[in-house]
Visitor: 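Would you mind keeping the following structure in view while I ask a few things?
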Amino acid sequence: MPPKLSELEHIKERSRQLRGSIAAGLADPVTGSISEADTKLLKFHGSYQQDDRDLREERRRQKLEPLYAFMLRARLPGGVVTPAQWLVFDRLATDYASSGLRITTRQTFQLHGVLKGNLKPTIAAIHHAMASTIAACGDVLRNVVATPLPEQSGLHAQAYAWAAKLSAELAPQTTAYLELWLDGEKLVGEPEPEPLYGKIYLPRKFKIGLAIPPLNDIDVFAQDLGLIAIEEDGRLAGFNLAIGGGMGATHGDPTTYPRLAEVIGFVTPEQLRAAAEEVIAIQRDWGDRSERKHARLKYTLDHRGTEVFKAELERRLGFALQPARAFRFDHNGDRYGWTGGEDGRWHLTLHIESGRLLDRGPQRLQSGMRELARVHTGDFRLTCNQNVIVANVDADDRARIDAIVAAHGMDGYRRQSGMRRHAIACVALPTCGLAMAESERYLPTVLERLEARLEHHGLLDAPILLRLSGCPNGCSRPYLGEIALVGRAIGRYDLRLGADFSGQRMNVTYRENVDEPAILDALDPLFAAYAAGREPGEGFGDFLWRTGVLATPAPRPERRIAAQVPA
Ligand code: SRM
Ligand code: SF4
């Protein structure tokens, strides 16, 4: 007997291609929310219903409904934003959102706290700015990420073009989006067919990311489908395919785990579109639709076997993948400050703590970016590390850009500790419904305390990857942090250590369910040892393995190392 489908599969099937009763729910003035089933469908349109968790208890006592509001996420392939688009997002954040603009770990913007009645004008404005929110969430191909730093301008332009193409061509086709948000014609009769997704879409979200070695700034091995661009003789020869990455896990459930993608072969640019589509299609057909916890591609692969999956892919494609080509990643994370491109243009990477663009004290990040957008003639790139690149600046404009940056307190990257520059925290409380502990709001405090210890050991400048997540879902890709805190409960975290600095080795649990004093006490002697015993250029994570601090091999698949083809 086939396994029982999860309830969400039925909701999708009944939804008439993602319509459900969303229109009626939006029009209902009695509540700030929409129905439970519609909240699931709304995700495919780029929005999550949330409520302010700081106010939950108080409102319950006052017998008020929770303070419902919506998070809205844009689809911005490759994280490229024009100055005109920036100004639209900035205005929407000012008019409708509760906490500024938020750059996400997948190179896009989120707005939080959008009230139900403001969803439609916000989505419409994003559409008119030539962007979208369709499929930014939901069981579909999500925002396609790509290395944003356009130093190798020719190669980068091609990589970006591929991200945009895959994003556009593999997006859902439903006209429900036009109908609901853009006053498109109402559907009469049967919904239009969805050639790739069918009536029930994918079993789960699906993520594609494209990296150009030696920079793994998008964490390519955390993607369901990672594309590693291969350059030969100065041109894009094609892509290695890496499949089955994913970070999510559930505490106490060993059947769920983070996993790095495995390299299975190479395709030419002409073969890429078909290969990506077929990987998605096999996952559509083979993925687990009975248990959402096991529905990502990584579980399909571990259940069926990667070789079996690859054989099916080659059968559907009608050609064999070529052997993977050599590649080498040097590091992940972003590099700050100015870098020059091959074409003589300049790019300035700015550090945005947790990606939150707000005006707070001397750091006026939202206003500063608005000023930059008013004068900048190039474009902006959002990074997967929640930062922003002011890209394609003429040499003559550098001084003017620097002045705006300094006037708004955005030049902190020049002075920050190595750890601060490489820290990522997920959103967590108060908006994330799944958060078990603080993350973004805790980052400033924990960084200060860690920096005090690092300074004591003379390590303030040491680049160390710190990642915080408010729960094990792993939105900051914490399993790829040299140090990671993964939330368990308010004030309590798993302390994980030992990832490398290039996104190719995951960390392992070092202390389970500990509070801040225990975290600092555990780290302090390790910092001391690292300061005294590190080899030139050796990362903190590598040092912990070399010196035997992390000696016990973790059970599969925690230490699975992405199959790297040595260069
Ligand atoms: Fe995530 C769910 C925020 C990147 C794995 N993620 C959520 C939700 C929507 C909570 C929910 O389902 O109710 C969070 C909304 C919080 C809020 O209030 O804004 C949320 N995820 C985020 C963002 C905003 C984190 C950030 O601080 O930037 C990132 C938005 C990305 C985007 O623009 O599309 C974000 N999430 C990620 C990543 C990182 C990545 O993709 O590179 C991961 C790990 C990679 C992966 O997918 O495996 C990630 N998010 C999850 C999961 C676990 C999925 C799983 O397979 O188990 C969930 C929970 C779920 O889907 O059930 C989740
Ligand atoms: Fe929320 Fe957990 Fe993702 Fe953080 S890691 S944003 S707490 S789902």
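Counting starts at 1 for both ligands and their atoms, in listed order. A quick note: this is a predicted structure, and the numbers were derived from the prediction, not measured.
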Visitor: Measuring from non-hydrogen atoms of Asn143 to any atom of ligand 1, is the shortest distance under 4.0 Å?
Guide: no
Visitor: Look at atom 62 (O) of ligand 1 and say which protein heavy atom is nearest, naming residue and atom and giving the distance to 0.1 Å.
Guide: Arg204 NH2, 3.0 Å
Visitor: Considering only the protein, which heavy-atom contact is closest to atom 36 (N) of ligand 1, and what is its distance?
Guide: Cys475 SG, 3.1 Å
Visitor: Determine whether the side chain, the backbone, both or neither of Val427 has a heavy atom under 4.0 Å from any heavy atom of ligand 1.
Guide: both
Visitor: Where on Cys384 is there a heavy atom closer than 4.0 Å to ligand 1, on the side chain, on the backbone, on both, or on neither?
Guide: neither
Visitor: With a 4.0 Å cut-off on heavy atoms, does Gly209 reach ligand 1?
Guide: no
Visitor: Heavy-atom contacts with Arg106 under 4.0 Å: which atoms of ligand 1 show up? List them by number with element.
Guide: 31 (C), 32 (C), 33 (O), 34 (O), 40 (C), 41 (O), 42 (O)
Visitor: Under 4.0 Å from any heavy atom of Gln386, which atoms of ligand 1 are there?
Guide: 26 (C), 27 (O), 28 (O)
Visitor: Distance under 4.0 Å to a non-hydrogen atom of Arg73: what atoms of ligand 1 satisfy this?
Guide: 3 (C), 9 (C), 20 (C), 22 (C), 30 (C), 32 (C), 33 (O), 34 (O)
Visitor: Please could you name the atoms of ligand 1 that Arg102 approaches to less than 4.0 Å, counting only its heavy atoms?
Guide: 26 (C), 27 (O), 28 (O)
Visitor: If you count the atoms of ligand 1 from 1 in the order shown, which ones are under 4.0 Å from a heavy atom of Met247?
Guide: 44 (C), 45 (C), 46 (C), 48 (O)
Visitor: Calculate, to the nearest 0.5 Å, the distance between atoms CD and CD1 belonging to Gln107 and Ile218 respectively.
Guide: 7.5 Å
Visitor: Of all the non-hydrogen atoms in the protein, which one sits nearest to atom 44 (C) of ligand 1, and at what distance?
Guide: Gly474 O, 3.2 Å
Visitor: Give the ring-plane orientation class for Trp181 versus His45, where under 30° counts as parallel, over 60° as perpendicular and anything between as tilted.
Guide: perpendicular
Visitor: Consider every N or O of Lys207 and every N or O of ligand 1, then say whether any pair is closer than 3.5 Å.
Guide: yes
Visitor: Measuring to atom 1 (Fe) of ligand 2, does Cys426 have an N/O/S atom at a distance below 2.8 Å?
Guide: no
Visitor: Write out the residue and atom name of the closest protein heavy atom to atom 33 (O) of ligand 1, then the distance separating them to 0.1 Å.
Guide: Thr104 OG1, 2.6 Å
Visitor: Report, in ascending order of atom number, the atoms of ligand 1 lying under 4.0 Å from any heavy atom of His112.
Guide: 17 (C), 18 (O), 19 (O)
Visitor: For atom 61 (O) of ligand 1, grab the closest protein heavy atom and report residue, atom and distance to one decimal in Å.
Guide: Lys205 NZ, 2.8 Å
Visitor: Can you list the ligand 2 atoms lying under 4.0 Å from a non-hydrogen atom of Gly474?
Guide: 5 (S)
Visitor: Provide, to 0.1 Å, the distance between atom 29 (C) of ligand 1 and the closest protein heavy atom, together with that atom's residue and name.
Guide: Thr105 OG1, 3.4 Å
Visitor: Flag Arg296 as yes when one of its N or O atoms lies below 3.5 Å from any N or O atom of ligand 1, and as no otherwise.
Guide: yes
Visitor: Return the residue, atom name and 0.1 Å-rounded distance of the protein heavy atom closest to atom 5 (C) of ligand 1.
Guide: Asn473 O, 3.3 Å
Visitor: Is it true that the side chains of Ser290 and Ser6 contain a donor and an acceptor less than 3.5 Å apart?
Guide: no
Visitor: Quiz question: by atom type and distance under 3.5 Å, do the side chains of Tyr336 and Asn387 form a donor-acceptor pair?
Guide: yes
Visitor: Please list the nearest protein heavy atom to atom 14 (C) of ligand 1 with its residue and the distance rounded to 0.1 Å.
Guide: Cys432 SG, 4.0 Å
Visitor: Going by the order shown, which atoms of ligand 1 are within less than 4.0 Å of some heavy atom of Gly246?
Guide: 48 (O)
Visitor: Indicate, with yes or no, if the rings of Tyr257 and Tyr299 have centres closer together than 6.0 Å.
Guide: yes
Visitor: If you measure from the Lys or Arg side-chain nitrogens to the Asp or Glu carboxylate oxygens, is any gap between Asp54 and Arg441 under 4.0 Å?
Guide: yes
Visitor: Should you measure from each heavy atom of Gly248, which atoms of ligand 1 turn up under 4.0 Å away?
Guide: 48 (O), 53 (C), 55 (C), 57 (O)
